[in-house]
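To start, the structure under review is shown below, and the notes come after it.
Position 1 is the first residue of the sequence, and the numbers go up from there.
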Amino acid sequence: MPHIAHIALVVRDYDEALAFYVGKLGFTLVEDTYQPEQDKRWVTIRPPGAPEGATTILLARASAPAQEAFIGNQAGGRVFLFLATDDFARDHAAFTAAGVEWVRDPATYDYGTVAVFRDLYGNLWDLVQFADGR
């Protein structure tokens with residue numbers, strides 16, 4: 001069956017992106033392999049607790065000015081990625097303690113509890129705990 005293997009996230013620098021996603025958010029580094037023929041790295045991460053084989057984020061260093069223009073604005077100012085959690089309060093507190101910038105305070109809706117944060121480049125993310133059955 002087809003499935004989404006990776007989602008590319010354009011970044012300025014691999015190591016600063018890893019410091020944020022792995023260091024602050026607790027993501028797992030899946031692979032970091034240098035690709036000499038293209039002078040780039042293949043860097044994939046996944047959320048903490050995600051099983052092996054889950055969709056990963058490919059940290060793709062911008063390699064041209066046209067790509068650099070989209071760093072931090074891959075979704076045109078809308079929330080770009082949705083990070084689901086099984087314990088909103090735990091993860092919200094941990095991210096806050098790590099210095100994550102919240103742009104929308106926690107709110108509860110029929111679909112669950114959600115807050116919006118900004119990553120190191122400005123992309124917006126939802127931290128969401130879905131209500132049962134969602």
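- Using a 4.5 Å heavy-atom threshold, the side chains of Leu58 and Trp42 count as touching.
- Atom CD of Glu52 sits in a sparse spot, with 12 or fewer heavy atoms from other residues, nucleotides or ligands closer than 6.0 Å.
- In this structure, CD1 on Ile7 lies 6.0 Å from OG1 on Thr55, to the nearest 0.5 angstrom.
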Can you check side chain to side chain donor-acceptor pair (under 3.5 Å) on Asn73 and Tyr121, steps first, answer last?
CA-CA 8 Å; Asn73 193 25; Tyr121 298 114; over 6 Å; no

Take Arg46 and Ile57 through the test side-chain contact (heavy atoms from CB on, under 4.5 Å) and record every step on the way to the result.
CA-CA 6 Å; Arg46 68 174 166 249; Ile57 295 175; over 6 Å; no

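- The two residues Val10 and Ile71 come nearest to each other via the heavy atoms CG1-CG1, 3.7 Å.
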Please lay out, stage by stage, how Arg41 and Asp15 fare under the test salt bridge (charged side-chain N to carboxylate O under 4.0 Å, His left out).
CA-CA 11 Å; Arg41 288 159 58 186; Asp15 293 323; 3.1 Å; yes

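- At a threshold of 4.5 Å between non-hydrogen side-chain atoms, the residues His92 and Pro106 count as touching.
- Taking 4.5 Å as the limit, some side-chain heavy atom of Leu59 sits within range of a side-chain heavy atom of Ile45.
- Proximity of Leu9 to Gln74: side-chain heavy atoms (C-beta onward) are separated by under 4.5 Å at one or more points.
- Residue Lys24 comes nearest to Gly99 through the heavy atom pair NZ-O, 3.9 Å, listed as atom of the first residue, atom of the second, then distance.
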Given the rule in the side-chain contact (heavy atoms from CB on, under 4.5 Å) test, do Val79 and Asn123 qualify, once you have shown the distances and angles that lead to the verdict?
CA-CA 7 Å; Val79 169; Asn123 293 300; over 6 Å; no

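- Taking the side chain as every heavy atom from C-beta outward, Tyr111 and Val128 approach each other to under 4.5 Å.
- The backbone N or O of Val30 lies less than 3.5 Å from no partner atom in the side chain of Thr28, so there is not a single donor-acceptor pair.
- Minimum interatomic distance between Pro47 and Phe27 (heavy atoms only, all atoms of both residues): N-CD2, 3.6 Å.
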Assess the residue pair Tyr14 and Asp32 against the criterion (side chain to side chain donor-acceptor pair (under 3.5 Å)); give the C-alpha distance rounded to whole Å, side-chain angles, the decisive distance to 0.1 Å, and a yes or no.
CA-CA 9 Å; Tyr14 297 115; Asp32 186 350; over 6 Å; no

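- Going from atom CG of Leu120 over to atom CZ of Arg118 covers 11.5 Å, rounded to the nearest 0.5 Å.
- With contacts defined as side-chain heavy-atom distances shorter than 4.5 Å, the pair Val103/Glu101 qualifies.
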Criterion side-chain contact (heavy atoms from CB on, under 4.5 Å) on Leu83 and Leu81, from CA distance to verdict
CA-CA 6 Å; Leu83 185 59; Leu81 296 166; over 6 Å; no

Check step by step if side-chain contact (heavy atoms from CB on, under 4.5 Å) holds for Lys40 and Arg61.
CA-CA 8 Å; Lys40 67 179 184 178; Arg61 186 189 67 202; 4.3 Å; yes

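- The minimum heavy-atom distance between Phe95 and Leu25, with the atom names listed, is CE1-O, 3.7 Å.
- Between the CG atom of Asp110 and the CZ atom of Phe130 there is a distance of 11.5 Å, given to the nearest 0.5 Å.
- Side-chain contact check for Leu124 versus Phe80: every heavy-atom pair is 4.5 Å or farther apart.
- For CZ of Phe70, the number of neighbouring non-hydrogen atoms (other residues, nucleotides, ligands) closer than 6.0 Å is 12 at most.
- A 6.0 Å sphere centred on CZ of Arg104 holds no more than 12 heavy atoms belonging to other residues, nucleotides or ligands.
- Between Val116 and Trp125, every side-chain heavy-atom pair lies at or beyond the 4.5 Å cut-off.
- Looking only at distances, no side-chain donor or acceptor of Gln67 sits under 3.5 Å from a matching main-chain atom of Ala62.
- Thr33 approaches Glu31 most closely through the heavy-atom pair OG1-OE2, 2.8 Å.
- Residue Phe117 holds its CZ atom at 8.5 Å from CG of Asp126, rounded to the nearest 0.5 Å.
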